[in-house]
Amino acid sequence: MTNITTEITEGILTITINRESKMNALNIETLQEIKQAVIEGNENPEVVGMILTGAGTKAFAAGADISEFANFNVEKGTQMSADGHDVMNTIEDGHMHQWDGTKTKFVVAAVNGYALGGGCELAMACHMRIASSNAKFGQPEVNLGVPPGYGGTQRLIQLIGKGRALEMLLTGDAIDAQTALNYGLVTKVVDQAELLTVCREVVKKVASKSPSAVHKILKCVSDFYRPNVNGMQREIYEFGSAFSTEDFSEGTDAFLNKRKAEFKR
Ligand code: COA
C-alpha cells in the first residue's frame with residue numbers, strides 16, 4: 001500500500017490517507033487501497049473497529065484526484081464512478097461483500113480538515129463522522145462540470161435533508177465544522193489535537209457492545225435506504241435470529257445477574 005498507512009492499536013485499525021502534499025486527494029489507487037484495508041479490517045478478528053483519517057492537519061481528503069480524471073472519456077468516467085461506489089458501499093455495508101458471515105465493523109471518519117468532493121463522500125460512507133474544528137465539508141464538483149460520482153447526491157440527502165443538500169450541491173460552497181454539526185453531518189466537533197483520541201473512545205465504546213448486535217444494526221439501518229428492501233421486515237428477522245446468538249445469552253445473563261456483559265469477538 002503506497003497511498004495509505006494502516007496501524008492497529010488496542011484492536012483499532014486506523015487507516016490514514018497519506019498524500020499530504022496533494023491534500024490527500026483520492027486517486028483510484030488510493031481508493032482501492034482503502035477498500036482493501038477495510039475488507040482486511042472486517043476479516044481480522046484482532047480488529048474491533050476502524051478509524052479513517054487523512055495525514056497532516058489540513059485535509060481529510062480534498063476530493064477525487066482531478067489530475068487523474070481530467071482526460072477521462074465517458075467510459076472511463078462511468079467506470080470511475082462505479083468503482084468509487086463499490087468502495088463506499090464496502091465501507092458502509094461490508095456484509096454485502098461478506099457471504100462467509102464476517103461481521104461488518106464500525107468505521108468512524110476522523111475528519112481532520114478539508115473533506116471535499118470524494119473526500120466528503122468518503123466521510124459520508126463511514127458510519128459516523130467526528131470533525132476537528134478546522135474541518136470543511138463540500139461538494140464542489142459543480143465547479144468542474146460534473147455531479148458528485150461517489151454517492152454524494154444520495155448520502156448527503158440522507159444525512160442533512162434535501163434542501164440543505166441541494167444548496168451545497170448546487171452552489172458548491174463548503175460549510176465549516178460547526179455548520180456541519182448543526183446540519184447533523186457530523187456528531188461532534190473537537191480540537192484537532194483531540195480528534196483521534198475522541199474517535200478512539202467512540203470506537204472502543206461501540207466495540208464493548210455486542211458485535212453481533214452492532215452488525216445487525218448496521219444492516220438494518222442500511223436497509224432503510226435500499227430500494228425494494230423492507231427494513232421493518234429485516235429488523236424482525238435480525239431481532240428474532242439474535243435469540244440464537246451467544247451475545248444474546250451473555251447480554252441478558254449479565255443484566256439479570258447485575259454484572260457487565262463480556263462479549264466474545
Ligand atoms: N485533486 C488533485 N490535486 C489536488 C486536489 C484534488 N482534488 N486538491 C488539492 N490538490 C493539490 C493541488 O493541486 C496542489 O498541488 P501542487 O502543490 O502540486 O500544485 C496541492 O494539492 C495543494 O493544494 P492547494 O490548492 O495549493 O492548497 P490550498 O490550501 O490553496 O487549497 C483546497 C486547498 C482543498 C481548497 C484546494 O486544493 C481545492 O479546492 N482542491 C480541489 C477541491 C475539489 O474541487 N474537489 C473535488 C474534486 S472532484
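One-based numbering, in listed order, for ligands and for the atoms of each. Only heavy atoms go into these numbers, but all of them, side chains included; no hydrogens, no water, no symmetry mates.
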State the atoms of ligand 1, each with its element, that fall below the 4.0 Å cut-off from a heavy-atom position in [X].
X	answer
Leu144	47 (C), 48 (S)
Ser21	20 (C), 21 (O), 22 (C)
Leu116	34 (C), 42 (C)

field: Part of Ala25 within contact of ligand 1 (heavy atoms, under 4.0 Å)
entry: side chain

query: When you look for heavy atoms under 4.0 Å from ligand 1, do you find them on the side chain of Ala59, its backbone, both, or neither?
result: neither

Please check [atom] for a protein heavy-atom neighbour under 4.0 Å.
atom	answer
atom 36 (C) of ligand 1	no
atom 16 (P) of ligand 1	yes
atom 12 (C) of ligand 1	no
atom 24 (P) of ligand 1	no

statement: Checking Asp86, Thr30, Asn89 against Lys35 for side chain to side chain donor-acceptor pair (under 3.5 Å), the one that qualifies is Asp86

- prompt: Using a distance-only test with no angle check, is there a side-chain donor-acceptor pair under 3.5 angstrom linking Asn182 and Thr179?
  reply: no

- prompt: For ligand 1, is Ala64 a contact, meaning one of its heavy atoms is under 4.0 Å away?
  reply: yes

- request: Quick one: look up the protein heavy atom nearest atom 4 (C) of ligand 1 and list residue, atom name and how far away it is.
  value: Lys22 O, 3.9 Å

